[in-house]
Amino acid sequence: MLRKLIQSLAIAALTALPLAAQDLAAPEGEVILTLSGEIGTTNAGDTAQFDLAMLEALGTETIETTTIWTEGTNTFEGVSLKVLAEAAGIEGGTLRATAINDYAVEIPFEDAIEGGPIVAYRMNGAEMSVRDKGPLWIVYPYDSSADYRTEVIYSRSIWQLDRIVVVD
C-alpha cells in the first residue's frame with residue numbers, strides 16, 4: 001500500500017512539472033540568433049534558435065534614439081531583451097553576447113527589463129545588413145535616461161550579434 005502511494009505521488013509530481021524544454025517551434029528561415037547555456041526553453045538540441053520571423057512573432061518594440069555610432073535620431077525595431085529572455089526561459093545570470101566576428105560582451109540579466117534594451121533587427125524601417133551593424137544589434141533607449149548614456153551601457157551595445165550564452 002505504501003509503495004502504491006509513493007508511486008502515485010511520484011507520477012503526480014512528474015506530471016506537475018513543466019514540459020521538457022521543446023516549447024519553441026523550429027526556425028523555418030535562416031537562423032540569425034542562437035541562445036544556449038542556462039536556458040529553460042530549446043528547439044534545437046540544448047539551444048534556442050531564432051530566425052527573423054520568430055523574433056518578430058515575439059512582439060516588436062520601437063526605440064527612437066540617437067546613438068554615438070550613427071547620425072541623428074534613428075528608429076530601431078526589435079524584440080525586447082526582457083521578452084526574448086522570457087521566451088528562452090532565462091531566469092538570471094549573465095548574458096554573454098557574441099558577434100559574428102567573435103567580439104563578446106557581458107550583459108547582466110538585470111538589464112532585461114521593460115522599457116530597456118531591444119535586440120534590434122530594423123533601423124529606420126529597413127533590415128540591417130552585416131555592413132550596417134546587423135542583422136542584430138542590442139540597442140538601449142539611450143535618450144530616455146542618462147543611465148543609458150554611460151561607457152558601461154555603450155560597451156554592452158553589441159552589433160552583428162548572432163549568439164548569446166547564459167552563464168551563472
Side-chain angles (χ1 to χ4, degrees), residues 19-71 73-142 148 153-168:
L19 292 176
Q22 288 292 113
D23 298 334
L24 284 175
E28 295 180 14
E30 177 185 354
V31 173
I32 60 172
L33 181 63
T34 301
L35 279 68
S36 62
E38 299 295 318
I39 62 174
T41 306
T42 62
N43 64 359
D46 59 356
T47 69
Q49 297 182 344
F50 295 85
D51 61 18
L52 179 58
M54 293 172 69
L55 292 175
E56 291 173 325
L58 293 175
T60 300
E61 296 282 327
T62 301
I63 293 176
E64 288 188 30
T65 191
T66 57
T67 79
I68 62 173
W69 307 279
T70 58
E71 292 185 25
T73 300
N74 292 282
T75 302
F76 296 92
E77 296 172 63
V79 61
S80 156
L81 189 59
K82 177 182 187 300
V83 170
L84 179 65
E86 290 170 354
I90 300 170
E91 297 179 353
T94 300
L95 289 71
R96 186 171 300 133
T98 305
I100 293 167
N101 66 358
D102 292 330
Y103 176 79
V105 300
E106 292 191 348
I107 301 170
F109 176 75
E110 292 76 22
D111 279 13
I113 60 170
E114 191 166 326
I118 64 172
V119 178
Y121 41 75
R122 283 194 193 86
M123 183 170 72
N124 299 324
E127 290 179 21
M128 294 179 289
S129 69
V130 171
R131 174 174 257 174
D132 294 322
K133 299 184 177 32
L136 301 174
W137 180 2
I138 295 184
V139 176
Y140 287 76
Y142 310 106
Y148 287 131
I153 294 300
Y154 293 144
S155 73
R156 295 177 186 163
S157 302
I158 186 170
W159 55 77
Q160 296 179 337
L161 174 72
D162 74 342
R163 60 198 179 277
I164 297 173
V165 177
V166 182
V167 296
D168 280 336

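Keep in mind it's a predicted model, so treat the numbers as computed, not measured.
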[atom1]/[X] to [atom2]/[Y] distance, rounded to the nearest 0.5 angstrom?
X: Thr75; Y: Arg122; atom1: OG1; atom2: CZ; value: 12.5 Å
X: Lys82; Y: Ile118; atom1: NZ; atom2: CD1; value: 15.0 Å
X: Arg163; Y: Leu136; atom1: CZ; atom2: CG; value: 12.5 Å
X: Thr60; Y: Phe76; atom1: OG1; atom2: CZ; value: 15.0 Å
X: Lys133; Y: Thr67; atom1: NZ; atom2: OG1; value: 7.5 Å
X: Met54; Y: Leu24; atom1: CE; atom2: CG; value: 5.0 Å

- Taking Glu38 for its side chain and Val166 for its backbone only, find out whether a donor-acceptor pair lies under 3.5 Å. no
- Item | Donor-acceptor contact present, side-chain Asp162 to main-chain Leu33, <3.5 Å | no
Might you point out which heavy atoms bring [X] and [Y] nearest each other, and give the distance in Å?
X: Phe109; Y: Ala85; result: CE1-CB, 4.1 Å
X: Pro135; Y: Ile100; result: CD-CD1, 4.0 Å
X: Gly125; Y: Glu77; result: CA-OE2, 3.9 Å
X: Arg156; Y: Val105; result: O-CG2, 4.0 Å
X: Ile39; Y: Ala88; result: CB-O, 3.3 Å

- side-chain contact (heavy atoms from CB on, under 4.5 Å) with Ala87: which residues, sequence neighbours excluded? Leu58
- For residues Tyr140 and Thr65, is any side-chain donor paired with an opposing acceptor at under 3.5 Å? no
Would you indicate whether the side-chain heavy atoms of [Y] and [X] approach each other to under 4.5 Å?
X: Thr47; Y: Thr42; answer: no
X: Leu161; Y: Ile138; answer: yes
X: Leu55; Y: Ile32; answer: yes
X: Ile90; Y: Ile164; answer: no
X: Ser80; Y: Glu86; answer: no
X: Leu84; Y: Leu35; answer: yes
X: Val31; Y: Asp51; answer: no
X: Pro117; Y: Val139; answer: no

- Query: Between Trp159 and Met128, is a side chain to side chain contact (heavy atoms under 4.5 Å, CB included) present by the stated rule, with each step listed?
  - Reply: CA-CA 10 Å; Trp159 55 77; Met128 294 179 289; over 6 Å; no
- Do you know which of Thr66, Thr73, Asn74 makes side-chain hydrogen bond (donor to acceptor under 3.5 Å, both in side chains) with Thr70? Asn74
- When Tyr142, Tyr148, Trp69 are each screened for side-chain hydrogen bond (donor to acceptor under 3.5 Å, both in side chains) with Ser157, the one that passes is Tyr142
- Query: Listed by chain and number, what are the salt bridge (charged side-chain N to carboxylate O under 4.0 Å, His left out) partners of Asp168, not counting sequence neighbours?
  - Reply: none
